[in-house]
Asker: 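Please read through the structure below; I'll follow up with questions.
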Amino acid sequence: MTSVRRNRTDPLAGEARARYRRILRFAAWHLLVTWWFELFLPRVGLRRLTERNRAQRMRRFAQRFHGLAVELGGLMIKVGQFMSSRLDVLPPEITAELEGLQDEVPPVPFPAIRALAEAELGAPLEAVFASIEETPIAAASLGQAHRAKLLPGNAEDTGLSSVVFKVQRPGIDTIVDVDLAALRRVGGWLSRIRIVSNRADVPALIKEFAQTSLEEIDYLNEAANSERFAADFVDDARVTVPGVVWERTTRRVLTLEDVTAIKITDAESLRMAGIDPASVAPVFASVMFDQLFTNGFFHADPHPGNIFVTPNAGSTEHPWKLTFIDFGMMGEVPAKTRSGLRKLLIAAASRDGKGLVAAISDVGVLMPSADTAELERAMTQLFARFGGMGFAELRDVDPREFRDFGAEFGNVIRSLPFQLPENFLLIIRAMSLTSGVCSSLDARFNLWDSVEPYAAQLLRDERSNLVNDVAAQAFDAAAVALRLPKRLDGLVTKLEDGSLQVSNRRLEQQLARIIVLLKRAVGALIFGAMLVAGSVMRADDLVLGNVLMIGSVVPLLYGLWSGRGHL
């Protein structure tokens, strides 16, 4: 990490080292606290104690991280925003505390912005723009934006007059390098924890996050993303994208058409413009579905500040349109993953628990060794009870019913070998933000109302390729039939020479658990005997009694830690 290993006399290097160490100290302390309360104390019979104050501990952690992120800025805010969207794995005490974490920090003084912009553009701002507003319209952790007017010649060439002039925060390259180095170190720690490493390749996830972050501070990449996104929706009257002024764009400076309109969640302004907020939700959901399931190129940061609703008075068919901005954080869905996501969407829309689990496996979230029978049953129950409810209806459900179902469902989830494939960080973030925006537009919004017609269209598209699919399956069946005699001959040979091996994974796991329990029982028995013997001997022989009591710790630790990976 070059930014941390600079000359020690360099004040910037000193600030980088201090930032790096502060992030690591924060992470190390809270990992230690989590290990103590969630792993060690339950092993010594104090699980009730850990459960009693778990919510308070989680809330306190989230509050401290919130304060750290706001103070440090940089990628820490991005990390907090991602954590707030992980409703699937993080407790509500954490997500609720971090959901208000905004990517807004105090603005950089304009003279520093001017110096960086003029160095990038190679000319004074007065020679580049007819005017520029020194007060920013937005200040974020990675950059800030100002309104400006193009010079008459540029305005005539581009067809634009009002633009938004976006400039990186000075020194942001060093901050991003430091934050990523700290995250890689923390990821290395997490990868050594079995319960984490079994479910996710943390270094790979951090690598994905790092790639996205480095792309986000390259404004040439953002400009290219903007044009690619616009091309995907060129024939879609529901969507519009700001034009790029390439002559005034570099890696650290981006000039775009000013498309500021009504913020998508500003319900009052929407109504004043004659737009029903509830009518915006399904259109927004459908547009996001198109990106994820059809185009494979999607806006990974669709929070309310990045989407406007623009009135379109000249059209009766489409009286308004959605305007997307800020294309620094984009995601791509590979064709294989996109196919799995389509199957998942179709299964969800048809309330098919078994099909949904199969699709989850196809996408790569479930490992091949997973026994999915219990998950299929749980998903079927979930659809049967809550599948058709909007958020307002869910609020009316007895909390005890949620709690009971959540406990049972959580046990099923924890028993299965889940993993988080690459490319999923941004997919999860995009879908979580989409759900949040739609719910704020319409409290009774039911995601199924948007999923079902979209899934039905996908199903029709899939059926249009039925002939090709049948042909492919017939070819596969013929290939299997041709190989069958040879495989049967091999099987008979193994039976005859006694080399055929049969394994029962579940039986092996149960035997391993019994062995571990026996080891623990023996350790506990020896521990108790030594402890009692030591306490009795202390009356006659203080030294021998103390030795026995202290030595009893050894079989205790043996009993606690033996076979950790099998229980």
Side-chain angles (χ1 to χ4, degrees), residues 1-8 10-31 64-86 90 98 101 103-105 108 116 140-144 168-193 196-197 200-222 225 251-252 300-301 326-332 420-430:
M1 187 186 62
T2 57
S3 58
V4 177
R5 297 175 181 169
R6 290 180 180 175
N7 190 320
R8 291 181 180 273
D10 183 354
L12 291 178
E15 292 177 8
R17 285 195 302 274
R19 181 185 182 93
Y20 178 77
R21 290 169 181 165
R22 185 171 180 189
I23 295 171
L24 290 188
R25 281 198 302 270
F26 181 92
W29 170 252
H30 286 283
L31 283 174
R64 289 173 178 170
F65 185 87
H66 190 288
L68 179 76
V70 170
E71 182 179 348
L72 294 183
L75 293 185
M76 292 300 100
I77 287 181
K78 300 293 183 185
V79 172
Q81 289 174 335
F82 170 72
M83 291 168 64
S84 72
S85 69
R86 292 309 308 270
L90 293 177
L98 295 179
L101 185 60
D103 191 9
E104 293 188 3
V105 294
V108 176
L116 189 151
S141 57
L142 304 184
Q144 67 186 48
Q168 279 186 13
R169 296 180 76 89
I172 194 61
D173 287 339
T174 299
I175 291 174
V176 168
D177 285 346
V178 171
D179 291 356
L180 289 177
L183 289 174
R184 291 187 187 103
R185 175 64 66 86
V186 175
W189 296 343
L190 290 172
S191 65
R192 295 186 180 95
I193 301 174
V196 176
S197 61
D201 185 348
V202 178
L205 294 177
I206 292 178
K207 181 180 179 181
E208 181 185 350
F209 181 76
Q211 179 181 349
T212 302
S213 301
L214 293 173
E215 289 175 353
E216 195 170 358
I217 59 173
D218 182 352
Y219 286 166
L220 290 173
N221 180 72
E222 180 176 342
N225 286 340
R251 194 182 74 83
R252 297 199 290 173
D301 197 21
D326 195 348
F327 298 91
M329 188 184 295
M330 303 294 292
E332 291 197 57
L420 191 61
E422 289 189 53
N423 306 313
F424 258 64
L425 279 174
L426 298 182
I427 293 174
I428 293 169
R429 175 176 173 78

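Below, each value reflects all heavy atoms present in this structure, side chains not excepted, and no hydrogens, waters or symmetry copies.
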Asker: Do the non-hydrogen side-chain atoms of Asp218 and Arg252 ever get within less than 4.5 Å of each other?
Answerer: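 A side-chain contact is absent here, since even the closest heavy-atom pair is not under 4.5 Å.
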
Asker: Carefully, step by step, assess Glu71 and Arg22 under the rule side chain to side chain contact (heavy atoms under 4.5 Å, CB included).
Answerer: CA-CA 12 Å; Glu71 182 179 348; Arg22 185 171 180 189; 2.8 Å; yes

Asker: Using a 4.5 Å cut-off on heavy atoms from C-beta on, say whether the side chain of Asn221 contacts that of Leu214.
Answerer: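 SC-SC contact between Leu214 and Asn221 ruled out.
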
Asker: Is the shortest side-chain heavy-atom distance between Ile217 and Val176 below 4.5 Å?
Answerer: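 Yes, their side chains come closer than 4.5 Å.
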
Asker: Are the side chains of Asp173 and Gln168 in touch, meaning some heavy atoms are under 4.5 Å apart?
Answerer: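 Heavy-atom side-chain distance check passes, below 4.5 Å.
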
Asker: Arg19 side chain to Leu72 main-chain N or O, any donor-acceptor pair under 3.5 Å?
Answerer: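 Yes, because the side chain of Arg19 sits within donor-acceptor range (under 3.5 Å) of the backbone of Leu72.
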
Asker: Tell me if a side-chain donor or acceptor on Arg429 pairs with a main-chain N or O of Ala300 at a distance below 3.5 Å.
Answerer: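 A pair under 3.5 Å: yes.
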
Asker: Given 3.5 Å as the limit, does a donor-acceptor pair link the side chain of Asn225 with the main chain of Phe327, or not?
Answerer: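 A pair under 3.5 Å: yes.
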
Asker: Rounded at 0.5 Å granularity, tell me how far CG in Leu75 sits from CG in Leu183.
Answerer: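 Interatomic distance, Leu75 CG to Leu183 CG, rounded to 0.5 Å: 7.0 Å.
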
Asker: Report yes or no: does Arg185 contribute a side-chain atom to a donor-acceptor pair with the main-chain N or O of Ala181 at less than 3.5 Å?
Answerer: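 Not confirmed, Arg185 side chain does not pair with Ala181 backbone.
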
Asker: So how far is it from Arg184 CZ to Trp189 CH2, rounded to the nearest 0.5 Å?
Answerer: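 Output value for this atom pair is 15.0 Å.
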
Asker: Between Lys78 and Thr212, is any pair of side-chain heavy atoms under 4.5 Å apart?
Answerer: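 Counting from C-beta outward, Lys78 and Thr212 never come under 4.5 Å.
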
Asker: What's the separation between atom CG in Leu180 and atom NZ in Lys207, rounded to the nearest 0.5 Å?
Answerer: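 Reported value, rounded in 0.5 Å steps: 13.0 Å.
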
Asker: Would you call Glu216 and Gln211 a side-chain contact if the rule is heavy atoms closer than 4.5 Å?
Answerer: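 No. Closest side-chain heavy atoms not under 4.5 Å.
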
Asker: Shortest non-hydrogen contact from Ile23 to Ala182?
Answerer: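 The pair with the smallest heavy-atom distance is CG2-CB, 3.7 Å.
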
Asker: Under a 3.5 Å distance rule, please check whether Gln144 uses its side chain to pair with a backbone N or O of Val108 as donor and acceptor.
Answerer: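 Yes, the answer is positive, given that a donor and an acceptor are paired below the 3.5 Å cut-off.
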
Asker: About how many Å separate CG of Leu426 and CD of Glu332, when rounded to the nearest 0.5 Å?
Answerer: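 Output value for this atom pair is 10.5 Å.
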
Asker: Should we say atom CH2 of Trp29 is surrounded by more than 12 heavy atoms from elsewhere, each under 6.0 Å from it?
Answerer: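 Result for CH2/Trp29: open.
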
Asker: Between Val79 and Phe65, is there a side-chain heavy-atom distance shorter than 4.5 Å?
Answerer: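 Phe65 reaches Val79 side chain to side chain.
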
Asker: To check you understand the geometry: which heavy-atom pair defines the closest contact between Gly187 and Ile206, and what is its length?
Answerer: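 Shortest heavy-atom contact: CA-CD1, 3.4 Å.
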
Asker: Return the set of residues passing ring pair (Phe, Tyr, Trp, His ring centres under 6.0 Å) with Tyr219 (not counting sequence neighbours), or none when no residue passes.
Answerer: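 Tyr219 satisfies ring pair (Phe, Tyr, Trp, His ring centres under 6.0 Å) with no other residue.
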
Asker: So, taking the atom named OH in Tyr20 and the one named CG in Asp177, what distance separates them when rounded to the nearest 0.5 Å?
Answerer: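 Tyr20 OH to Asp177 CG: 12.5 Å, rounded to 0.5 Å.
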
Asker: Assess whether side chain to side chain contact (heavy atoms under 4.5 Å, CB included) is satisfied between His30 and Arg64, documenting all intermediate values.
Answerer: CA-CA 10 Å; His30 286 283; Arg64 289 173 178 170; 3.8 Å; yes

Asker: With rounding to the nearest 0.5 angstrom, report the CD1 to OG distance, Ile172 to Ser141.
Answerer: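 Ile172 CD1 to Ser141 OG: 6.0 Å, rounded to 0.5 Å.
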
